[in-house]
Number of protein chains: 2
Amino acid sequence: MSVLSRINAKLDGMAPGDREIGRYIVDNPDQMLRLSTAALAAEIGRSQSSVVKFSQKLGYASYQELKLAVSEAKAQDWQVPAGVIHGSIEVGDGFPVILKKLIGSKLLSMQQTVAANSERIISRTLELLDGARRIHLVGVGASSLVARDFSYKLMKLGRNVLHDSDSHIQMANASTLGPDDVLFALSYSGASIETLRIAELAAKRGTTVIAVTGLHDNPLNRVADIRLYTIADEERARSSSITARDAQLTLTDLLFILLVQKQPDANDYVHNSEAAVTVLKAERST
Amino acid sequence: MSVLSRINAKLDGMAPGDREIGRYIVDNPDQMLRLSTAALAAEIGRSQSSVVKFSQKLGYASYQELKLAVSEAKAQDWQVPAGVIHGSIEVGDGFPVILKKLIGSKLLSMQQTVAANSERIISRTLELLDGARRIHLVGVGASSLVARDFSYKLMKLGRNVLHDSDSHIQMANASTLGPDDVLFALSYSGASIETLRIAELAAKRGTTVIAVTGLHDNPLNRVADIRLYTIADEERARSSSITARDAQLTLTDLLFILLVQKQPDANDYVHNSEAAVTVLKAERST
DNA sequence: CAGATCAAGGAATAAATTATTCCAATTTCG
DNA sequence: CGAAATTGGAATAATTTATTCCTTGATCTG
């Protein structure tokens, strides 16, 4: 969490003096960055030493450290837009604020998602996808769309992929899985009953199961051999399903790009597959 | 331009001492932020005063100002990823570089997309979607997934929506359109033949056509009543279809959120629809 | 080539900022 | 009510930054 959110959260539990200092910093991070401890103290009518102590109480070694943290937090303003620390999208928000919050929460979930999966686990995933006889993608609802998107991309790379948006068909397909196959299961909650049953069946048949779920402990997670995580912005309920989908797409896009990197002839495949489609395009006029 | 690029550019014209200081800062901005002038000087074997003078020669009032600028520059790296301004993803790129480029290009297309559509045209679109008897969504390939995602969201709001991933079905449906309906057509190229034909048919039947295409002139654009734009990163060919899809999603997400804002009882609808789905979730264990 | 001029850069020092200590005033809690 | 803890400021110590001054060496000039 950013310093500013942290300060804001602790504000209520603080002594009056500290609260004033904290509020000033949260409200005027820009000014704060250019003020010395003495100047900041003067600004709010407190003593210079209080400011130093404030920094230390927050766990920073020095006032300078606090400044660095604030500066970094400000940079993340895209992530937690201007001042709106509790940034769910509200009914009263104007157009520009909504834009900022939307893009901010999307960016945040992307960043957190790539941060949540170690390079080690990603490269293990790549090996599995790379070595699989067939890749079976499952997911229901919004996750089904992500699965399909990913399946299109994998097909462009010439992989053997299977996905259907109907979960009964998915289940039927799953009964043909074997140890050389990989099941790639997407569910943010990790609790979608159809996806879970399919994963259980696949696991029983010796198929490697890759689960893409939220960070919480969940049933799907538990049957999986490889656990990938997507981070969505759960607090901001209204945009929740949006960021969960974005997080899944970020992860699958990343896997796709890394597969392209690994596969020397990937460009040919992608190019051919795109060229094939152009016969369905109208003449593009200038 | 960021301080770091500026320093880097001037490096050659600098006195040897300054050059050393500049190079250190460009190479280790993170360390630099935590070093005092004296410590930085010691690090590269120069005098403390040189460091101060270096800051002043760059036009900053103080060493602290330079630090602030560096901190800010580091932050902007996210927005236009690390030095790689023309940053298509290359075969030789390492894992962290790929992450940065991927998120960077996604962010860029989102930002440019929201910037490309004026508030005026967006609110006109909202009125149309709001007043439509039925909303017909069309798109093929990757655009079809976006259309479906948007259709799910509109359904959650209780709207009358129609979408099928099969373009023949889409066409058949389109023949039932009337003047009170709205056709929402997605195609980044604006030249997908099926989508175009459907839009033409709709236009002939007096249906309002909203087109979501790239910024270039294109056939779909020309038959549309309302033109919305998505900006994708065309230079970076490899990630092109990724950012085109992200741009479309950003736009449809934005429209969805704004519709929610307009509709007083939206939360009830969304909540009910999500509650209905939870019966298909397994017990979530702790 | 000698001497003047100037830029580079360090040492010393002045100025400022930050951190610590100590203490008085309040609040909290038994 | 009184002891203990907390708050927060004044004074001061320590550190950091900025300026001044000076040496060195390079360059220019007559």
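Note on naming: letters A, B, ... go to the chains in the order of the sequence lines (proteins, then strands), and numbering restarts at 1 for each one.
Between A/Ser62 and C/dA19 there is a side-chain polar atom (N or O) within less than 4.0 angstrom of OP1 or OP2. Between D/dA18 and B/Gln48, no contact under 4.0 Å exists linking OP1 or OP2 to a side-chain N or O. Contact annotation: B/Ser50 side-chain N/O to C/dG9 OP1/OP2 distance is not under 4.0 Å. For the OP1/OP2 pair of C/dT18 and a distance below 4.0 Å, the side-chain nitrogens and oxygens of A/Thr37 include at least one atom meeting the criterion. Contact annotation: B/Ser36 reaches the phosphate of D/dT17 (side-chain N/O to OP1 or OP2, under 4.0 Å). One finds a side-chain N or O of A/Gln56 lying less than 4.0 angstrom from the OP1 or OP2 phosphate oxygen of C/dT20.
Here D/dT17 is the nucleotide among C/dT18, D/dT17, C/dG9 with the atom lying nearest to any side-chain atom of B/Val52. Distances from the side chain of B/Arg46 to the nucleotides D/dA18, C/dG10, D/dA10 place C/dG10 closest.
Across the protein-nucleic acid pair, A/Lys53 atom NZ and D/dA11 atom C1' stand 12 Å apart, rounded to whole Å. Summarising the geometry, the separation between CZ on A/Arg34 and P on C/dA16 is reported as 20 Å, rounded to the nearest angstrom. Between the OH atom of A/Tyr60 and the C1' atom of C/dT18 there is a distance of 18 Å, rounded to whole Å. Taking atom CG of residue A/Leu35 and atom P of nucleotide C/dA16, one finds them 16 Å apart after rounding to whole Å. What separates CZ of A/Phe54 from C1' of C/dA19 is a distance of 17 Å, to the nearest Å. The OH atom of B/Tyr63 sits 16 Å away from the C1' atom of C/dA16 (whole-angstrom rounding). Distance CG (B/Leu68) to P (D/dT17): 13 Å, rounded to an integer number of Å. For the pair A/Lys67 NZ and D/dT16 P, the interatomic distance rounds to 15 Å; values are reported in whole Å.
Classification of the A/Phe150-A/Phe184 ring pair by plane angle, with boundaries at 30° and 60°, yields tilted.
Panel note: side chain A/Thr113, backbone A/Thr230; no donor-acceptor pair is recorded below 3.5 Å.
Not a single donor-acceptor contact under 3.5 angstrom links the side-chain atoms of B/Ser49 to the base of D/dA18.
Between B/Lys53 and B/Asp18 no salt bridge is recorded (no basic side-chain N to carboxylate O distance below 4.0 Å).
With no hydrogens or angles considered, no side-chain donor-acceptor pair links B/Thr243 and B/Ser109 at under 3.5 Å.
You'll find the side chain of A/Ser50 reaches within 4.5 Å of the side chain of A/Ile21, heavy atoms only.
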